[in-house]
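Here the structure comes first, spelled out in structure tokens, and everything after it is commentary.
From a predicted model like this one, the values you see are computed outputs, not experimental measurements.
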Amino acid sequence: MHSVATVLFLVVLATAVATGARRWRIPAPSLLVVAGLVVGTLPGVPDVHVTPEVIGTVVLPPLLYASAEELSGRDLKAVWRPVTVLAVGLVLFSAAAVAAVASLLTPLPLSGAFVLGAVLASTDPVAVTALGRRLALPPRIQVLVQAESLFNDATSLVLFRVAVSVAAASGVVTWQAAGGQFLTLAGGGGLVGLAVAGAVALIRRRTVDPVLETVIALVTPYAAYVLAEAAGTSGVTAVVVSGVVLGSRGHRLTTAPIRLQLHAVYGTVVFLLESVVFSLIGLELPSLIRALTDADRLWPVQAAALAVVLMTVRMLWVFPLSAVLHRKQAAGTPSWRVAAVASWAGTRGVMPLAAALSIPLATDGGTGFPQRGVILVLTTSVVVITLVAQGFTLAPLVRRSGIALEPDHTRREETEARHQVVLAGLRHLEQMADLEAVPDILVVRLRREMTTRLDLTRQLLDEDDPVESMAATYRQLRRDVIAVEAAELQRLHDDHLISDTTRRRLQRSLDLEETRLADS
């Protein structure tokens, strides 16, 4: 009962904080961590502990899958070289740097320091994706940081599994064995992810039930993760690969109503998981600190040093990489703006925390895992430092760099695309009318609607100030009409002139149209 009450409290806290973050236009992950930290230090708040199985099996798969599904395969091909360098080379170098510093500054043995390095080596796709979308980064930079955060999570978590297995078995790092296991886990996980994506695609093509389609979408990341783990490969890699493959083909597998439902349901699930885990980061830190011994009281200095090491190492990799890529693509002096934003976007978050919590309690010999409490405290502290320091300052850095897309640019690009789409639809309609394949009254009605949409996009493209446009006036007018229609529908129901089933169906049609207006 205590666990249920804690979860409900976290959901309420996360929802309230996330709502405030949107209103105040500040990063929700950073604010959630701060809120959890404040609540965790209040007197009378019980200690919060999460089992590794819950984080590793319940939380990780859907969060990884949701981030991977948003990544376009086409865009990934355009940035695969720098993503590979960062997702593999930077992760390995970061893990080695953290392990070296941790072995010098902390009481961790070399095996434990290597585990800590593997945990902290990756950035967080959840925070990076959310921040990048809110800051209107250029598409190439957004794809770069998002893809890197996804695939470096897969790399670091595979590396983490290797490090934990070595530490739990003997406490000695054998680089040859670790490298072979790394390749086995990553390659096998990718194959399992491809197989799951293929099977799910076949099933979804033959599914027309929205409820069943939603269940399949929710089960897919867990299926990929569990099957890969059962096969002795990386569940994380399997989830990422299946998410990228299915995300690129999702629009061909389902109908529009099912996609709307999937978007709403999956968005809700991911929001709850993200919010609860970010809150846990701050909420669990005070209890972890209280469990430390007097010999570990230097943890604040150690955590700050490790955070500085991670930030410095990332800059040492990103700035030279940016210069090399710029030299290959264009002449002139490379801009510091892109490299600075890409460097500072490397926040840590959900995935490192989930990995740290999944560290086993005991080694294969039955003894306690060496300095597990210290690893948890340092991991959580570094996550908090990066989420707060980098999360709250990334937006000012982007504004100062001037690389964010202007609203007028994105709005005009979208309007031009809508204009071309409507023209294509009108051309097809005229062909159908010439063939006399449909009744004239339907052609006239549809042509009138599409012509209105075409006039609106043309007006929007011709105006100097697209904000105060006829399109905006039209949308507001249509919303007012929908509100009147909804009120009349409710009156008909209240007067017992229509059934509740009819009211629900017509109300859904109005809701869908209002949703389309909000997205247009």
Side-chain angles (χ1 to χ4, degrees), residues 17 21 26-41 48 90-91 94-95 97-102 104-106 108 113 115-128 130-131 145 149 152-153 156 160 274 277-292 296-318 340-357 371 373-397:
V17 173
I26 57 179
S30 303
L31 191 61
L32 285 166
V33 167
V34 173
L37 189 62
V38 171
V39 173
T41 57
V48 176
L90 179 56
V91 167
S94 298
V98 170
V101 174
L104 293 175
L105 299 182
T106 71
L108 294 174
V115 171
L116 179 62
V119 167
L120 292 175
S122 66
T123 56
D124 179 55
V126 177
V128 168
L131 287 173
V145 296
S149 64
N152 70 11
D153 271 311
S156 67
F160 163 76
E274 289 175 1
V277 171
F278 278 121
S279 301
L280 275 174
I281 294 175
L283 192 60
E284 193 173 24
L285 182 57
S287 61
L288 293 174
I289 294 173
R290 288 192 288 268
L292 294 177
D296 302 320
R297 295 305 175 186
L298 291 177
W299 66 266
V301 177
Q302 298 163 355
L306 293 176
V308 171
V309 167
L310 288 171
M311 297 176 191
T312 304
V313 167
R314 183 172 179 83
M315 292 180 183
L316 292 176
W317 273 71
V318 172
V341 172
S343 298
W344 206 243
T347 58
R348 271 64 184 174
V350 175
M351 303 310 166
L353 175 68
L357 290 173
Q371 300 290 339
V374 175
I375 295 176
L376 287 175
V377 169
L378 292 177
T379 299
T380 310
S381 301
V382 171
V383 168
V384 170
I385 291 172
T386 58
L387 279 175
V388 173
Q390 295 175 275
F392 282 120
T393 57
L394 183 59
L397 176 62

With sequence neighbours left out, the residues meeting side chain to side chain donor-acceptor pair (under 3.5 Å) with Thr123 are Asn152
Sequence neighbours excluded, the answer for side chain to side chain donor-acceptor pair (under 3.5 Å) partners of Arg297 is none
Residues passing the side chain to side chain contact (heavy atoms under 4.5 Å, CB included) test with Val17, sequence neighbours excluded, are Leu13, Leu31, Leu32, Ala35
For residues 382-395, the salt bridge (Lys or Arg N to Asp or Glu O under 4.0 Å) pairs (sequence neighbours left out) are none
For residues 376-387, run the donor-acceptor check on the side chains, cut-off 3.5 Å, and write out each pair with its distance to 0.1 Å, sequence neighbours left out.
| from | atom 1 | to | atom 2 | distance (Å) |
| --- | --- | --- | --- | --- |
| Thr379 | OG1 | Ile375 | O | 2.7 |
| Thr380 | OG1 | Leu376 | O | 2.7 |
| Ser381 | OG | Val377 | O | 2.7 |
| Thr386 | OG1 | Arg348 | N | 3.3 |
| Thr386 | OG1 | Val382 | O | 3.1 |
| Thr386 | OG1 | Val383 | O | 3.0 |

task: Check whether any side-chain heavy atom of Leu37 lies under 4.5 Å from a side-chain heavy atom of Pro286, and answer yes or no.
output: yes
Tightest non-hydrogen contact, residues Ser156 and Ala121, listed as CB-CB, 4.2 Å
Sorted by chain and residue number, the ring pair (Phe, Tyr, Trp, His ring centres under 6.0 Å) partners of Trp344 (sequence neighbours excluded) come out as none
Nearest heavy-atom approach of Ala102 to Ala113 is CB-CB, 4.0 Å
Quiz: residues 298-312 side-chain donor-acceptor pairs under 3.5 angstrom, not counting sequence neighbours:
| from | atom 1 | to | atom 2 | distance (Å) |
| --- | --- | --- | --- | --- |
| Gln302 | NE2 | Leu105 | O | 3.0 |
| Thr312 | OG1 | Val308 | O | 2.7 |

message: Is it the case that the side chain of Arg314 and the backbone of Ala342 share a donor-acceptor pair, with hydrogens and angles ignored and the cut-off at 3.5 Å?
response: yes
Residues Val313 and Ala97: closest non-hydrogen pair is CG2-CB, 3.9 Å
